[in-house]
Amino acid sequence: QPVAATKPGPAIPSAATKKAPAADHDHAGHDHAGHDHADHAAAAGAAAAAEADAGHEHVHPDTLAGLVAEVEKLAGVVSAAMAEGVREKADSPLHEIGHLLEDVEHLAKEAKLAPEAEAAVTKAGSELIDAFDALDRAVNAGDDLAKAWEGKAEAIAAAMKVLKDAGGK
């Protein structure tokens with residue numbers, strides 16, 4: 001079952017507006033042993049999801065400081081959106097933060113931090129992933145957004161401080 005892209009991107013035709021898979025090719029010259037049209041439909045859905053994501057550029061800073069600046073900027077957008085209770089404004093930045101945080105461990109290694117500092121940065125990155133993931137779940141579950149942010153703001157601030165103190169200023 002294809003998964004629909006959840007990030008904004010360029011408008012693409014929906015599966016309903018595309019030609020049905022059976023109309024994509026004639027059946028002369030091959031039999032259906034080993035596949036059925038559901039295989040074609042799944043491939044078309046996956047291609048549509050990939051196409052939607054391809055139109056959405058992910059920022060990947062090459063330093064810990066760049067990552068911290070980007071996360072702080074997006075976290076400000078999320079904080080404001082959640083305070084206003086506007087789910088749509090919080091959702092995409094939360095996903096972008098998730099993509100950024102996937103790079104924390106790599107950037108900590110690249111920064112050639114002392115082993116203790118690298119471990120602290122990696123742990124803080126995991127804590128941030130957990131906190132922002134909880135906020136994303138709150139956005140998607142219909143929870144009270146302001147309350148959800150308040151419940152994670154202190155943990156986010158503490159983990160961001162660890163990243164900044166380690167060279168992510």
Side-chain angles (χ1 to χ4, degrees), residues 1-15 45-169:
Q1 184 75 6
V3 176
T6 58
K7 296 179 189 70
I12 59 170
S14 71
E51 186 179 326
D53 198 42
H56 183 77
E57 296 285 328
H58 297 293
V59 175
H60 288 279
D62 54 4
T63 65
L64 197 54
L67 181 135
V68 167
E70 214 35 55
V71 170
E72 282 186 320
K73 179 178 79 173
L74 291 167
V77 172
V78 170
S79 174
M82 292 185 87
E84 296 167 11
V86 184
R87 292 176 201 294
E88 298 77 23
K89 285 173 60 177
D91 195 41
S92 184
L94 281 166
H95 289 237
E96 196 64 34
I97 289 169
H99 286 291
L100 287 165
L101 294 174
E102 291 172 354
D103 294 338
V104 168
E105 187 173 350
H106 165 74
L107 292 175
K109 288 184 189 318
E110 289 285 316
K112 300 193 184 320
L113 301 171
E116 307 79 38
E118 184 179 322
V121 165
T122 300
K123 181 177 183 237
S126 292
E127 291 168 353
L128 286 167
I129 288 171
D130 291 345
F132 284 110
D133 186 53
L135 293 175
D136 187 49
R137 285 193 310 273
V139 165
N140 293 313
D143 295 348
D144 179 323
L145 299 184
K147 185 176 178 181
W149 178 263
E150 289 170 17
K152 295 297 178 187
E154 190 174 313
I156 289 169
M160 290 298 292
K161 181 179 182 335
V162 171
L163 297 185
K164 288 180 191 177
D165 289 351
K169 297 176 183 175

Arg137: partners by side chain to side chain donor-acceptor pair (under 3.5 Å), with sequence neighbours left out = Asp133
Under the 3.5 angstrom rule, does the side chain of Asn140 hit a backbone N or O of Asp136 as a donor-acceptor pair?
-> yes
For residues 109-126, which side-chain donor-acceptor pairs fall under 3.5 Å, sequence neighbours excluded?
unit_1: Lys109; atom_1: NZ; unit_2: Glu118; atom_2: OE2; d: 3.0
unit_1: Thr122; atom_1: OG1; unit_2: Glu118; atom_2: O; d: 3.0
unit_1: Lys123; atom_1: NZ; unit_2: Glu127; atom_2: OE2; d: 3.3
unit_1: Ser126; atom_1: OG; unit_2: Thr122; atom_2: O; d: 3.4

Closest approach of Ala131 and Ile156, non-hydrogen atoms and distance?
-> CB-CG1, 3.7 Å
Trp149 and Ala75 have their tightest heavy-atom pair at CH2-O, 3.9 Å
In Å, rounded to the nearest 0.5 Å, how long is the span from CG of Leu74 to OG of Ser92?
-> 8.5 Å
Considering all heavy atoms of both residues, which atom of Lys147 and which atom of Asp144 are nearest to each other, and what is their separation?
-> N-OD1, 3.0 Å
So salt bridge (Lys or Arg N to Asp or Glu O under 4.0 Å) across residues 59-79, not counting sequence neighbours, yields Glu70-Lys73, Glu72-Lys164
Val77 to Lys89 - nearest heavy-atom pair and separation = CG1-O, 4.0 Å
Straight-line distance of Lys152 NZ to Ser79 OG, nearest 0.5 Å | 15.0 Å
How close do Leu135 and Ala148 get, heavy atom to heavy atom, and via which atoms?
-> CD2-O, 3.4 Å
Do you know the tightest heavy-atom contact between Leu107 and Thr63?
-> CD1-O, 3.5 Å
Step-by-step side chain to side chain contact (heavy atoms under 4.5 Å, CB included) determination, Leu128 to Leu163 | CA-CA 10 Å; Leu128 286 167; Leu163 297 185; 3.6 Å; yes
Value for NE2 (His99) from CG (Leu94), rounded to nearest 0.5 Å, stands at 11.5 Å
CD (Glu84) with more than 12 external heavy atoms under 6.0 Å = yes
